[in-house]
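So the structure is just underneath, and the comments pick up after that.
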Amino acid sequence: MKITILTLFPKMFTGFLETSVIKRALALELVKIDIVDIRDYATNKFRHVDDTPYGGGAGMLLQIEPIDRALLANRSKDSYVLLTSPKAKPYDQAKARELAKKDDIVIICGHYEGIDARVEHLVDEKISIGDYVLTGGELASMVIADSVIRLKNEVINPDSLAFESYDDDLLEYPQYTKPYDYKGFKVPDILLSGDHKKIEHYRKKMSLLDTLRFRPDLIKRHRFTREQKELLLEILDDLKSGNIKVD
Ligand code: SAH
């Protein structure tokens with residue numbers, strides 16, 4: 001897979017490319033990431049790529065021409081082109097899975113007040129990483145690249161991907177490691193029981209409970225299996241009897 005990122009601030013990517021899982025994926029050539037400086041495609045000797053908005057208003061907008069030129073020079077006919085923007089449907093794990101199937105992705109980062117609206121005609125899709133406004137698309141492109149790359153074969157242990165938050169609209173169950181008792185906060189005993197069936201049952205239950213507690217909006221679109229309906233009833237009983245306590 002190849003990911004090409006068009007940006008005005010290539011330096012922002014240094015730490016991202018040189019650390020942890022992404023560094024490893026690059027070293028193993030499981031993914032190739034090209035960072036392209038949009039200024040290299042400016043048409044004036046001052047390397048200006050932005051201008052004031054037509055109709056007035058604050059700030060500077062990125063112009064379409066250098067972006068188009070950067071795109072033409074760095075895309076192939078098979079590239080899937082994304083534009084980072086706060087004005088789009090929010091990104092989610094389902095979209096990450098969809099993008100992970102593509103071989104060639106190009107991501108355009110806006111900056112300053114934004115980008116000439118006509119750039120929309122040059123892209124396949126606009127993506128927002130959430131309902132807030134960033135100073136630029138660089139962080140958004142790193143979020144997209146990171147979440148997609150970790151889904152690629154061999155980048156991380158496939159067992160870690162077997163069940164994760166947002167799969168099936170549920171959050172992952174809570175996990176614990178040593179020590180068993182930290183200042184009175186203890187690991188649930190069932191996880192030390194060695195009884196794998198019970199542990200699996202407990203984890204499914206906690207996954208449902210945490211989704212209800214922290215992301216009830218996900219539950220609304222979830223279709224419950226018979227097993228999950230039974231687990232929900234158990235959760236209610238546990239809450240009533242004090243077997244499970246939540247804040
Ligand atoms: N004035 C614009 C915001 C521009 S922010 C508005 O009010 O809609 C500048 C750039 O940051 C955008 O062009 C985009 O590339 C990026 N950006 C800002 N917020 C983002 C978000 N939530 N998701 C993805 N990209 C974002």
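Numbers here are sequence positions counted from 1. Counting starts at 1 for both ligands and their atoms, following the listed order.
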Would you indicate whether [X], at its atom [atom1], is surrounded by more than 12 heavy atoms from other residues, nucleotides or ligands within a distance under 6.0 Å?
X    : atom1 : value
E29  : CD    : no
K23  : NZ    : no
E164 : CD    : yes

Note, [X] side chain near [Y] side chain (heavy atom, < 4.5 Å):
X    : Y    : answer
L71  : V106 : yes
M1   : D104 : no
C109 : L6   : no
D116 : L62  : no
D37  : F9   : no
I149 : I33  : yes
I38  : H111 : no

Does [X] reach ligand 1 with a nitrogen or oxygen that is under 3.5 Å from one of the ligand's nitrogen or oxygen atoms?
X    : value
G114 : no
I115 : no
K87  : no

Counting each atom of ligand 1 from 1 as listed, which ones have a heavy atom of [X] under 4.0 Å away?
X    : value
G137 : 11 (O), 15 (O), 16 (C)
V133 : 3 (C), 5 (S), 19 (N)
Y112 : 4 (C), 5 (S), 9 (C)

Starting from [atom], locate the nearest protein heavy atom and write down its residue, its atom name and how far away it is, to 0.1 Å.
atom                    : result
atom 5 (S) of ligand 1  : L134 O, 3.2 Å
atom 23 (N) of ligand 1 : I129 N, 3.0 Å
atom 22 (N) of ligand 1 : Y132 O, 2.8 Å
atom 14 (C) of ligand 1 : T84 O, 3.3 Å
atom 25 (N) of ligand 1 : S85 N, 3.3 Å
atom 2 (C) of ligand 1  : E113 O, 3.3 Å
atom 13 (O) of ligand 1 : G110 CA, 3.4 Å

Strictly inside 4.0 angstrom of atom 7 (O) of ligand 1, do you find any protein heavy atom?
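Given the 4.0 Å cut-off, atom 7 (O) of ligand 1 does not count as touching protein heavy atoms.
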E125, K101, R75 screened by side chain to side chain donor-acceptor pair (under 3.5 Å) with Y80, the one that passes
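Running side chain to side chain donor-acceptor pair (under 3.5 Å) over E125, K101, R75 with Y80 returns exactly one hit, E125.
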Going by heavy-atom distance to atom 12 (C) of ligand 1, choose the closest among P90, A140, P86.
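Going through P90, A140, P86 one by one, P86 has the nearest heavy atom to atom 12 (C) of ligand 1.
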Where does T135 meet ligand 1, judged by heavy-atom distances below 4.0 Å: at the side chain, the backbone, both, or neither?
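For T135, the contact with ligand 1 is made by the backbone alone.
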Given that the side chain starts at C-beta and the backbone is N, CA, C, O, which of these parts of A88 lies under 4.0 Å from ligand 1, counting heavy atoms, or is it both or neither?
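The answer is neither.
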Take every heavy atom of I127, measure it against each atom of ligand 1, and state whether any distance is under 4.0 Å.
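Yes, I127 has a heavy atom closer than 4.0 Å to ligand 1.
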